[in-house]
Amino acid sequence: MGLLNDLVAEAASVLSSVTETLGQQKTNGASLLGTLVFPFLPFFLTNNPLPSGFPWGGLNDWNSNPYVEYPRTGVIRSYDFTVSRGFIAPDGYQRPVLLVNGAYPGPLIEANWGDKIVVTVHNNITGPEEGTAIHWHGFLQQGTPWEDGAPGISQCPIAPRKSFTYEFTASLFGSTWYHGHYSAQYSSGVVGPIVIHGPTRAKYDVDIGPIMLSDWYHKDYLALIKQMLSPNADPRVFSDNNLINGKMNFDCSTVAAGDWTPCISNAGISKFNFRTGKTHRLRLINSGADGVQRFSIDEHVLTVIAEDLTPVQPYNTTVVTLGVGQRTDVLVTANAGNPMSGFWMRSNLTSCTPARQPHAVAAVYYDHADTSKAPTSKAWNVSDPGTCANDDLSVTQPLYPMPLPNPTFTQTMAIDTFKNASNITLWRFNGVSMRADFNEPPLLLANQGRFDFPPERNVLNLYANSSIRIIVKNNSPAAHPIHLHGHNFYILHQGPGEWDGTIVRPSNPQRRDVQQVRAFGHLVIQFDANPGVWAFHCHIAWHASGGFLSSLIVQPSKVQQMRVPETVRQTCRDWSLWTSQNVVDQIDSGT
Ligand SMILES: *[C@@H]1O[C@H](CO)[C@@H](O)[C@H](O)[C@H]1NC(C)=O
Ligand SMILES: *[C@@H]1O[C@H](CO)[C@@H](O)[C@H](O)[C@H]1NC(C)=O
Ligand SMILES: *[C@@H]1O[C@H](CO)[C@@H](O)[C@H](O)[C@H]1NC(C)=O
Ligand SMILES: *[C@@H]1O[C@H](CO)[C@@H](O)[C@H](O)[C@H]1NC(C)=O
Ligand SMILES: *[C@@H]1O[C@H](CO)[C@@H](O)[C@H](O)[C@H]1NC(C)=O
Ligand SMILES: *[C@@H]1O[C@H](CO)[C@@H](O)[C@H](O)[C@H]1NC(C)=O
Ligand SMILES: [Cu+2]
């Protein structure tokens, strides 16, 4: 008993050591996120100052409608991304990864509200070669649905050694991220933060920037999917660790005998500087593949000011719950100690997440704290309710109010699993397990007037409907983060069991781009049509790979009138040529 206690205590002290035994280059490549040299934001302003202060003029976050009006700044923010294979050890366990510009997490994209973002993505994935495509999570892509980055839906994958330049407008503002949308590629490292600066009624002194919370796997995504999609396999995929800004320690003494992978304990955790007495903005992003995160900072209250790209009426809490893909912006005042103080930041994967090591920590240091010392602060005593639900819809209220319109159409979409004839457990959304054809993205076919899709594409045509209500009915024992591309949907209701028809605050329902549906529960959303063909799916990478995805055709007659850029067609020709000479091992749904 004594020995067991000693072992448990030893493991805990390894995980919460603040001494780095590996350099940043070995753990995170070219990324500086989570280190004390990462600058406060905005950072780009120093290299590219804007003409006259804030480019949003009279627009603000509480009485202007961001879906209709946004500033046209004329400013272009250009980035050059190369996706390559690499080897890093974010938690000390070295593994093959896929990196954007050699960094994990990938480079920060920073822009102002109304700027145009231009990102050239070079596919340098070789040995073996593989396609890619990058999704810009939460962007509405009004009039540019082919820039959305969903392979097999809005574009063909970018072929190996080819490039594609994405161009889109930051018509909303706040905190978001980008990630590979080709199979479960992003769980192997193709992720990065995006910050769009905009007006804010909530005042703060320091913008700490992105804090990415991510479950982490010691195996490559292809190996994990192959295992998951094998006959009679456990459909759950267990993560090995939990990271804050790509960093965490790992207890290498737990590595299985016979696993000779280089592993160093106490690799190094993320560290943050707080200014004593000042108020800080933290941009929390759940960039994981599966796990629901519960985030807190010892002895500090968090004031929530935005959820996804929606500024909300501020509310106080000690813990923020984020499903995969969700973002929460919080304000934190450094008033819990003196300038020498340090505190633990924590993020726990919840009990409904398959995780081997669910506890991530990072250290927060006030101005004169000794950054080589571990904080001694006490965790908030906040028990995990085990529902994997987001905060109650009655407390999450958009700052800019929008009443719910009457829907022109209502669709129920059920979630369930089944075993196919090969004994492989797959997910079904609205009765179909989706499988993409990378060569025939429904958006590009719809643009040419073709709407005859094979059933396994799971395409739902919504015709001229202007406001569509969807009742998501979860007939599975797992909670799911439900994400719709190209929209910020209204959330009418969520809870266990069946929907009773009530709507939370119809005068101003919550709006965001991802929302949790509980196990055996319901989620009711509604969205105003943005013409395009949009992926609607579970953001758990493993579930999407298992077929949990549908494509919604919104206002097809307008889609047919759109002029798709030649570069999008060229990407399909490049992919077609590459696939005529190479066999694509499409082991999953493709997205
Ligand atoms: C492309 O990938 C190779 C091998 O993974 C790497 O050595 C090379 O530096 C990468 N090129 C660029 C421009 O990142
Ligand atoms: C949140 O708590 C702080 C004190 O910790 C208080 O000053 C502030 O008014 C509270 N905000 C809200 C929205 O309740
Ligand atoms: C996270 O886990 C730690 C250790 O079990 C616990 O003390 C803390 O209350 C948890 N925090 C949250 C936000 O769930
Ligand atoms: C079952 O699903 C797997 C994974 O999508 C697929 O490879 C296999 O062909 C399917 N089996 C049958 C009989 O359809
Ligand atoms: C599916 O699994 C069942 C039970 O394990 C087994 O009896 C059956 O032979 C399997 N079928 C296939 C096609 O593998
Ligand atoms: C709305 O979508 C449904 C389902 O596809 C369709 O039957 C109906 O005709 C559409 N209504 C309009 C106005 O297009
Ligand atoms: Cu799911």
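Whatever order the structure lists them in is the order used to number ligands and atoms, beginning at 1.
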Looking only at protein heavy atoms, identify the closest one to atom 7 (O) of ligand 3 and say how far it is in Å. Ala379 CB, 3.5 Å

Checking the side chain of Tyr366 only, and the main-chain atoms of Ala336 only, is there a donor and an acceptor separated by less than 3.5 Å? yes

Atom pair OH (Tyr315) and OG (Ser394), whose distance is rounded to the nearest 0.5 Å: 10.0 Å

Are Arg95 and Asp240 close enough for a salt bridge, meaning some N to O gap below 4.0 Å? no

By number and element, which atoms of ligand 4 are closer than 4.0 Å to a non-hydrogen atom of Ile424? 3 (C)

Top protein contact for atom 8 (C) of ligand 3, by heavy-atom distance: Asn348 ND2, 3.8 Å

Could you tell me if Arg428 sits above the aromatic ring of Phe418, with its cationic atom closer than 6.0 Å to the ring centre and no more than 45 degrees from the axis? yes

Can a salt bridge be assigned to the pair Glu129 and Arg85 using a cut-off of 4.0 Å between side-chain N and carboxylate O? no

Angle between ring planes, Trp136 versus Phe81, binned at 30° and 60°: parallel, tilted or perpendicular? tilted

At what distance is the nearest protein heavy atom to atom 13 (C) of ligand 1, and which residue and atom is it? Thr82 CG2, 4.0 Å

Heavy atom under 4.0 Å from ligand 1: found in Asn124's side chain, backbone, both, or neither? both

For atom 4 (C) of ligand 3, state which one of His359, Arg294, Arg346, Gln293 supplies the nearest heavy atom. His359

Relative to ligand 4, is Asp588 under 4.0 angstrom through side chain, backbone, both or neither, heavy atoms considered? neither

Atoms in ligand 4 with a heavy atom of Ala421 nearer than 4.0 Å: 13 (C)

Does the distance from a Lys or Arg side-chain N to an Asp or Glu carboxylate O, for Lys247 and Asp91, drop under 4.0 Å? no

Which of the ligand 3 atoms, numbered from 1, are nearer than 4.0 Å to a heavy atom of Val319: 13 (C)

Have a look at Ile225, Leu229, Asn420 and point out the one with the heavy atom closest to atom 6 (C) of ligand 4. Asn420

Among protein heavy atoms, which lies nearest atom 5 (O) of ligand 1, and at what distance? Arg85 O, 3.6 Å

Atom indices of ligand 3 within 4.0 angstrom of Ser296 heavy atoms, with elements: 13 (C)

Does Arg161 have more than 12 heavy atoms from other residues, nucleotides or ligands lying within 6.0 Å of its CZ? no

